[in-house]
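Here the structure comes first, spelled out in structure tokens, and everything after it is commentary.
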Amino acid sequence: MASSETQVPLAPSLSRVARGSLCSGCGGCAAAAPGKVRMETKAPGYLRPTQIKTLTPEEDRLIVAICPGLGQTVEAAGRRDEVLWGPYASVFTGWANDAEIRHAGSSGGVLSAIILHLVETGVVDAVIENTAAADFPIGNAPLIARSKEDVIGGAGSRYAPSSPLADLPTHVASGLRHAFVGKPCDAVALRALAARDASVARAFPVILSFFCAGVPSHAGGREVLAKLGTSLEETTAFRFRGNGWPGRATALLRSGESRSMSYHDSWGGILSRHVQHRCKVCADGTGVAADIVCADAWESDENGYPLFEERDGVSLVMARTAKGQSLIDAAVAAGKITVEPFDIATLAAIQPGQRDRRRALAARLLALRLLGRPIPVYKGLRIAAAARQNTWRKNLRNFLGTARRVFRSAL
């Protein structure tokens, strides 16, 4: 991770992250050591830190404290605490009442409707989220949203690397109050920074997230384009999802032609195979550190497998904190969203990917530890309890599969 030009000594925190392939790409380390760490794209297309100056011991300790790749601590603090889903205040299904926002979002548009309501009512001045990079259609770029047009422009899932915390010092210095929308790991780092720096807490009074199945590399996006019979050079715009539920992966070509494939084929058949290692040992794909988190409230067939036919989007809406609950209540009262009761006992059936990864995590971490690989330090995430929901055969299979991958990478 250190630049070959400067040859600065790599900080212990970043060294451990590199040895364990534990980087999620959030950019928190760049925010903790501005001007000394920067995020760069590394093959096969992940965002990774490059250290360009020597870090102070204080900066190194701060990175250890906030880096989601190195660990995460969760406290229930009197909230209901589900083994697979973590602490929460309430859970619903819902959708945006604005048809345009509901259609643009990946799953009902609730996140988009809430952040627009926050800006319109002055709770925040702007929203930090991701949108497609203007010069790299399969990549991400930060978006500062202040209007409905901005929010719709950033709607729809972006299955590509992003480092939304890298520019955090600039946002703090602006003096504006922001809502932040990011991956669960981004929310972990931002929450940890806010707990240690009052200026960060003031700049980001609201944190929102979504269920995340992992971050694919840019190589995954290129493969989707290839399956569509096009290339990055021939593509002017690309959407991974949205404009319907679940929405199709859609490329707009320079010729004006549009080509697309289903979510099942794009994510299930291609992008999921390009997910980075850190995501495979993630204990929190469900946004435990956020105030509000949304996800797909899939309908299932008789065998419990999610159905991916196009229909009007429906969001799973979870208030993680009392603040999140009050923001949801305000959006409902203002007529911005509709919510309905949801039985969290049914969530495992409609989110099988999250369920299976949480149950497999203990076996994967044990294999890595026994083989001498650095692993994240998780506290309060009930990993052992989740593992007990698995059969011993599934745990053994995950243990052996992880060990096999380690040996292959070593070779």
Side-chain angles (χ1 to χ4, degrees), residues 16-25 44 46 67-74 81-86 159 183-185 188 210-217 219-220 264 267-288 295-296 298 300 303-306 344-411:
R16 181 174 177 81
V17 169
R19 286 187 291 112
S21 296
L22 297 177
C23 184
S24 70
Y46 295 121
C67 175
L70 293 176
Q72 181 180 355
T73 298
V74 175
D81 188 8
E82 292 285 332
V83 169
L84 297 179
W85 315 116
Y159 297 122
K183 304 181 298 296
C185 52
V188 169
F210 40 81
F211 281 22
C212 175
V215 178
S217 68
H264 180 270
W267 172 259
I270 300 174
L271 294 166
S272 60
R273 296 187 287 105
H274 291 269
V275 168
Q276 61 190 355
H277 169 75
R278 171 62 183 81
C279 301
K280 296 174 182 177
V281 292
C282 179
D284 175 21
T286 62
V288 171
D296 291 293
W298 303 117
S300 302
N303 298 313
Y305 189 76
I344 200 168
T346 66
L347 185 52
I350 65 173
Q351 285 284 339
Q354 296 290 347
R355 174 198 69 204
D356 293 346
R357 183 174 58 183
R358 287 284 284 115
R359 290 174 176 174
L361 181 58
R364 294 176 180 179
L365 293 176
L366 179 60
L368 292 169
R369 180 182 289 276
L370 292 178
L371 292 171
R373 295 299 180 96
I375 60 175
V377 177
Y378 293 127
K379 298 179 181 179
L381 283 150
R382 309 187 68 181
I383 295 170
R388 288 194 290 270
Q389 295 183 2
N390 246 356
T391 66
W392 69 267
R393 287 185 177 86
K394 287 183 178 179
N395 284 328
L396 179 61
R397 186 160 59 246
N398 276 280
F399 177 91
L400 294 176
T402 301
R404 190 180 304 116
R405 285 190 292 272
V406 171
F407 286 127
R408 284 177 179 170
S409 66
L411 293 174

Quiz prompt | Heavy-atom closest contact (Pro374 atom, Arg19 atom, distance) | solution = CG-NH1, 3.5 Å
Quiz item: Hey, are the side chains of Gln351 and Asp296 touching, using non-hydrogen atoms and a 4.5 Å cut-off?
Solution: yes
Quiz prompt | Residues that Asp284 engages under salt bridge (Lys or Arg N to Asp or Glu O under 4.0 Å), provided they are two or more places apart | solution = none
Self-check item: side-chain contact (heavy atoms from CB on, under 4.5 Å) against Leu366, all qualifying residues, sequence neighbours excluded
Solution: Leu370, Phe399
Practice problem: Spell out, as yes or no, whether a donor-acceptor pair under 3.5 Å connects the side chain of Arg358 to the backbone of Val83. | Solution: yes
Quiz item: Any sub-3.5 Å donor-acceptor pair from Gln276's side-chain atoms to Leu22's backbone N or O?
Solution: no
Quiz item: Between the main-chain N or O of Leu368 and the side-chain N or O of Arg373, is there a donor-acceptor pair closer than 3.5 Å?
Solution: no
Self-check item: Side-chain heavy-atom pair Cys282, Lys183 within 4.5 angstrom cut-off
Solution: no
Quiz item: Above 12 or not: heavy atoms from other molecules or residues under 6.0 Å from CZ of Arg369?
Solution: no
Practice problem: Please tell me if the side chains of Val215 and Val275 come closer than 4.5 Å, counting only heavy atoms from C-beta onward. | Solution: no
Self-check item: Ile375 and Val281, any side-chain heavy atoms less than 4.5 Å apart
Solution: no
Quiz item: Looking only at atom types and distance, does a side-chain atom of Arg382 sit under 3.5 Å from a main-chain N or O of Asp81, one as donor and one as acceptor?
Solution: yes
Quiz item: With a 4.5 Å limit on heavy-atom distance, are the side chains of Arg364 and Arg357 in contact?
Solution: yes
Quiz prompt | Side chain to side chain, Cys185 and Gln72, heavy atoms closer than 4.5 Å | solution = no
Quiz prompt | Pairwise distance CG(Leu381) to CG(Leu361) - rounded to 0.5 angstrom | solution = 8.5 Å
Practice problem: For residues Leu365 and Pro376, report the shortest heavy-atom separation together with the two atoms involved. | Solution: CD2-CD, 4.2 Å
Exercise. Mind listing the closest non-hydrogen atom pair of Val17 and Cys23 along with its distance?
Key: CG1-N, 3.5 Å
Quiz item: Measuring from Arg405:CZ to Lys280:NZ, what's the distance to the nearest 0.5 Å?
Solution: 5.5 Å
Quiz prompt | Non-hydrogen atoms of Ala387 and Ala362 that approach each other most closely | solution = CB-CB, 3.7 Å
Self-check item: Over all atoms of both residues, closest heavy-atom pair of Arg278 and Pro68
Solution: NH2-O, 2.6 Å
Quiz item: What's the shortest heavy-atom distance between Val288 and Gly86, and which atoms?
Solution: CG2-CA, 4.4 Å
Exercise. Please examine the side chains of Pro216 and Trp267, heavy atoms only from C-beta on, and report whether any two atoms are closer than 4.5 Å.
Key: yes
Quiz item: Do Gln389 and Leu84 come close enough that some side-chain heavy atom pair is under 4.5 Å?
Solution: yes
